[in-house]
There are 2 protein chains.
Amino acid sequence: MAKQLTDETIATAENLFREYLRDRGLKYTHERKTVLREVLGNPDHFEAEQLLVDLRQAGRRVAKATIYRTLPLLVNCGILKQVQFGDKLTRYEHTFGQNAHDHMVCGHCHKIIEFSSEDVVRLRTVLASRFRFHALSHRFQISGLCWECVQAAPAGERPFVPTDDAAPRRR
Amino acid sequence: MAKQLTDETIATAENLFREYLRDRGLKYTHERKTVLREVLGNPDHFEAEQLLVDLRQAGRRVAKATIYRTLPLLVNCGILKQVQFGDKLTRYEHTFGQNAHDHMVCGHCHKIIEFSSEDVVRLRTVLASRFRFHALSHRFQISGLCWECVQAAPAGERPFVPTDDAAPRRR
DNA sequence: ATCCGTGCAAAGTCTTTGCAAATTA
DNA sequence: TAATTTGCAAAGACTTTGCACGGAT
């Protein structure tokens with residue numbers, strides 16, 4: 001789970017973003033700052049549309065196009081990470097000041113369990129070297145059934161094949 | 001890499017699909033059979049559109065809608081597996097008669113290296129049990145740079161942050 | 001003063017859906 | 001025969017883009 005960021009951390013992120021932009025002759029606009037703040041304040045996974053709605057509710061008007069144009073910038077400068085759970089929606093989560101983590105997705109209730117493990121990174125390194133591959137990041141998603149759903153649906157009751165249909169439904 | 005399937009394996013897949021359909025009162029139509037065969041003959045990852053084109057070239061007319069309606073069925077019965085490399089495209093690969101495998105994606109040349117490791121499955125099991133999660137499948141994708149691209153772009157030359165922009169471009 | 005960015009709406013892409021005609025069990 | 005499918009085209013959902021105006025350095 002994402003933890004609450006301190007003002008200090010937020011400031012650091014802003015600096016990072018500002019520098020990233022400056023380095024390539026881009027501008028640190030009011031809108032980009034607004035999006036960055038909203039993004040950092042967002043604890044879990046979110047999608048572009050969600051961000052738009054949240055901003056609207058907060059009384060901050062940022063055009064949808066601007067959001068779609070800003071998110072990739074945040075991804076490129078490392079503040080945001082894209083994650084996909086199988087449906088068409090592009091989701092994001094900020095990794096700034098957080099531990100890298102992976103996900104377990106329940107194919108029945110769609111619950112998402114975040115976990116982090118050094119073992120994953122270690123294994124990734126081992127595997128990469130085997131192919132002379134320079135690993136920089138990874139995504140590890142485990143699909144299956146959470147405890148509650150296993151209880152509710154005893155083995156043998158109905159065969160379960162996890163599919164992407166089982167991913168969180170769009171809206 | 002996908003290996004060439006034997007006629008026998010293909011026949012087995014057909015039986016599996018037919019039974020899957022029968023069990024839920026669905027029909028094993030000519031079109032579904034056509035799609036299944038094309039899918040099984042497809043060695044690597046493919047997308048719905050690609051499948052349509054291939055079928056057209058082979059002189060087999062199957063409506064696009066039918067393909068989009070058939071693919072999920074094949075996923076549900078376990079013959080196909082969805083994979084996503086970060087772009088919006090839904091890709092598939094058949095897992096029938098193949099070893100489960102994961103991917104390394106080069107963020108620069110977009111090459112895809114397939115690998116399989118028992119360690120991944122073992123780790124997944126360990127992690128799952130830690131959360132009382134019943135793991136059924138997983139996706140492990142390592143992003144970074146392949147050897148050739150590392151050579152071409154010495155460390156320090158240009159900072160590289162793997163993003164989903166680096167995913168294979170759509171057509 | 002110059003670029004760059006924003007908004008808006010139109011255009012794109014990929015996917016889904018309604019419906020009548022055609023098939024399958 | 002009864003129910004499911006197919007094709008086609010229209011509709012949808014999400015994202016990208018062109019352009020004129022406004023804003024940042």
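Within every chain, numbering begins at 1; the chains are lettered A, B, ... in the order of the sequence lines, protein sequences first and strands thereafter.
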Could you check how far [atom1] of [X] sits from [atom2] of [N], rounded to whole Å?
| X | N | atom1 | atom2 | value |
| --- | --- | --- | --- | --- |
| B/Leu51 | C/dC14 | CG | P | 15 Å |
| A/Gln50 | D/dT15 | CD | C1' | 17 Å |
| A/Arg61 | C/dG5 | CZ | P | 23 Å |

ask   = CG of B/Leu74 to CZ of B/Phe17: how many Å apart, nearest 0.5 Å?
value = 4.0 Å

Taking side chain to side chain contact (heavy atoms under 4.5 Å, CB included) as the test, write out the residues that go with [X], two or more places apart.
| X | answer |
| --- | --- |
| A/Thr66 | A/Glu31, A/Val62, A/Ala63, A/Thr70 |
| B/Leu16 | B/Ile79, B/Phe96 |
| B/Glu93 | B/His45, B/Lys81, B/Val83, B/His101, B/His103, B/Glu114 |
| B/Arg56 | B/Leu52, B/Arg61 |

ask   = Taking OP1 and OP2 of D/dT5, is either one under 4.0 Å from a side-chain nitrogen or oxygen of B/Thr66?
value = no

ask   = So how far off straight is the helix from C/dA1-D/dT25 to C/dA25-D/dT1, going by the axes through five pairs at either end, to 10°?
value =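 One end's axis against the other's: 40°.
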
task = Return the set of residues passing side chain to side chain donor-acceptor pair (under 3.5 Å) with B/Lys64 (not counting sequence neighbours), or none when no residue passes.
result = B/Glu49

query = Got a sec? Which of residues 25-33 of chain B come in under 4.0 Å of DNA chain D, heavy atoms?
reply =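 Listed by number, they are B/Gly25, B/Leu26, B/Lys27, B/Thr29, B/Glu31, B/Arg32.
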
key: Which residue lies more 5' along DNA chain C, comparing A/Ala65 with B/Arg69 via nearest heavy atoms   =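 Looking at the nearest nucleotide for each, A/Ala65 comes out on the 5' side.
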
Donor-acceptor pairs are to be reported for all side-chain atoms of residues 119-128 of chain B against protein atoms at under 3.5 Å, with residues two or more places apart or in another chain.
from: B/Asp119; atom 1: OD1; to: B/Arg122; atom 2: NH2; distance (Å): 2.7
from: B/Arg124; atom 1: NH1; to: B/His138; atom 2: ND1; distance (Å): 2.9
from: B/Arg124; atom 1: NH2; to: B/Leu136; atom 2: O; distance (Å): 3.4
from: B/Thr125; atom 1: OG1; to: B/Val121; atom 2: O; distance (Å): 2.9

note = Residue pairs passing the side-chain hydrogen bond (donor to acceptor under 3.5 Å, both in side chains) test with at least one member in residues 11-20 of chain B, sequence neighbours excluded, are B/Glu14-B/Arg37, B/Asn15-B/Arg18

